[in-house]
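Chain identifiers are assigned alphabetically (A, B, ...) following the order of the sequence lines, protein sequences preceding nucleic acid strands; residue numbering begins at 1 within each chain.
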Protein chains: 2
Amino acid sequence: MTEVQQRNEEDIYNSIKQAILQHKLRPNTRLIEKELAKQFKVSRTPIRNVLRRLAYEKLIKIIPNKGAIVICPSIEESKQILQIREVLEAAAIRQVCRNITEEQIEEIKSVIEEEQAANAKGDLFESLDLSLGFHYKIAELTGNQYYYRYLEELISLVYVIVSFYGSRQVFSGWQDHFKLLDLIKERKEEEAERFMAEHLREVAEGIFFEEDFSISLGDVFK
Amino acid sequence: MTEVQQRNEEDIYNSIKQAILQHKLRPNTRLIEKELAKQFKVSRTPIRNVLRRLAYEKLIKIIPNKGAIVICPSIEESKQILQIREVLEAAAIRQVCRNITEEQIEEIKSVIEEEQAANAKGDLFESLDLSLGFHYKIAELTGNQYYYRYLEELISLVYVIVSFYGSRQVFSGWQDHFKLLDLIKERKEEEAERFMAEHLREVAEGIFFEEDFSISLGDVFK
DNA sequence: ATATTATAGATTGCATACAATCTGGTACGC
DNA sequence: GCGTACCAGATTGTATGCAATCTATAATAT
């Protein structure tokens, strides 16, 4: 394991979060304060702060006096996450339709074009990442920081869920995103909201919840 | 200032949060770690954890190397909070209409009756508190912990906003709550959702954002 | 052989000392 | 008199030691 330069709390938070999202730290992995402290060349204090923050965002679970483990939402909880995300993001795109400027439309467009390019290159991980970009952009353009705050959290969790349970499709496609952009351009609130909800429901229905995951429980205390 | 028995982190969190919600700790009050540590008879360590959590919930603001102060959302931010709360709580009551049991209907009823009783007694603070009870209950009965999580946070912020800016009405009334309960009973999703949105918009429109608050800035370093 | 207890090691929780940073005031120079 | 630089006190940020708790192993009794 290679060690890294000393970094501040925010950097450490981002590193660990990215590692979880990219499945480098998989569910049930124990996160031991001392080890992380050594890795990041800091004391346990800032590590503990970062772990608490990640626990707050439900990416890890802290069990008092026992420690922190990476988690994936249960099937039931995953469905809750997908459901509320649909509600929030559908409302978000409606909001975006109302206030959007020409300049912002271009911003969205370039985000989707990046996604499209990565997809053409065939880089699966990159196109998955960039597909999130569109959704973050929608959250951002509501101009309401709470949409961004909650949707960022929920989308991260969906990312973990998709990685963990597996999904039928290569995440949400740029074709749908272009369609949504068109609807935004034309200020078709209702239709955009409905199409977004549909788009997200397809993602949700593509996840393999039905499979038996009891086998992977063997990893718990490995 | 009276000192209190030593308590655990969760208790300390609740104490400070309640103090903020009840306006005992008002916006712009500085929260100094050492003083809080002395009050609660613990070291600064658990206090720092609590402060970070409160900052995450936007009840206080931590400025690096400077400290923590109690905050109230700006007018612009308050409007964002009220808007997203409307979206989430309207969706929540729709959800509740779908899955509710007879037993749960009784639970809601008794919550509203408590509210009604406090209102009759004329205890303003208590009826304000209990009026929140109805909204928490709705969030709870969605059966989706994320509704609860986000709505609890948003409702707390609305509480702070109402206390700070002032409001035309004595918060949301039990009459409307009974009306909503009826709609839930009859499983009228659409109507319940619309009425809830309306109910919350009335609360929002009753807040005195238009007033000039530059005067209250005099309290800053009192 | 199985179940139970004892114990050592590892890990987290908390308190505290010290370093870094910020604030406010004072002295100095212009 | 005005502005700048500096210093002292206060406060936060970080590291670390020790206590409390938990885990896993091994020894003992049945």
message: Less than 4.0 angstrom from a charged side-chain N to a carboxylate O is my criterion; do B/Glu9 and A/Arg52 meet it?
response: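 Yes, B/Glu9 and A/Arg52 are salt-bridged.
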
| task | Taking the six-membered ring of B/Tyr13 (Phe, Tyr or Trp), confirm whether the NZ or CZ of B/Arg53 is under 6.0 Å from its centre and within 45° of its axis. | result |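 Geometry flag: set, cation within 6.0 Å and 45°.
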
Under 4.0 Å: is that the gap between some side-chain N or O of A/Thr45 and OP1 or OP2 of D/dT14?
-> no

**Prompt:** For D/dT14, does either OP1 or OP2 sit under 4.0 Å from a side-chain N or O belonging to A/Ser43?
**Reply:** no

Value in whole Å for how far the [atom2] atom of [N] lies from [atom1] of [X]:
X       : N      : atom1 : atom2 : value
A/Arg52 : C/dC14 : CZ    : C1'   : 11 Å
A/Ile69 : D/dT23 : CD1   : P     : 12 Å
A/Ile47 : C/dT12 : CD1   : P     : 11 Å
A/Ile12 : D/dA15 : CD1   : P     : 9 Å
A/Asn8  : D/dT14 : CG    : C1'   : 13 Å
B/Asn49 : D/dG13 : CG    : P     : 12 Å
B/Lys38 : C/dA15 : NZ    : P     : 16 Å

Which of B/Glu77, B/Gln80, B/Gln83 passes side chain to side chain donor-acceptor pair (under 3.5 Å) with A/Tyr146? Answer is B/Glu77

If we only count heavy atoms from C-beta on, is the B/Trp174 to B/Leu130 side-chain gap below 4.5 Å?
no

Residue list, side chain to side chain donor-acceptor pair (under 3.5 Å) with A/Gln22, at least two apart or on another chain
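Per chain and number, A/Gln22 pairs via side chain to side chain donor-acceptor pair (under 3.5 Å) with A/Gln18, A/Lys24.
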
Got a list of protein N/O to nucleotides 6-12 of chain D N/O distances below 3.5 Å?
residue: D/dT12; atom: OP2; partner: B/Glu33; partner atom: N; Å: 3.3
residue: D/dT12; atom: O3'; partner: B/Asn65; partner atom: N; Å: 3.4

*Is it true that A/Tyr165 and A/Phe208 have ring centroids separated by less than 6.0 Å?*
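Ring centres of A/Phe208 and A/Tyr165 not closer than 6.0 Å.
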
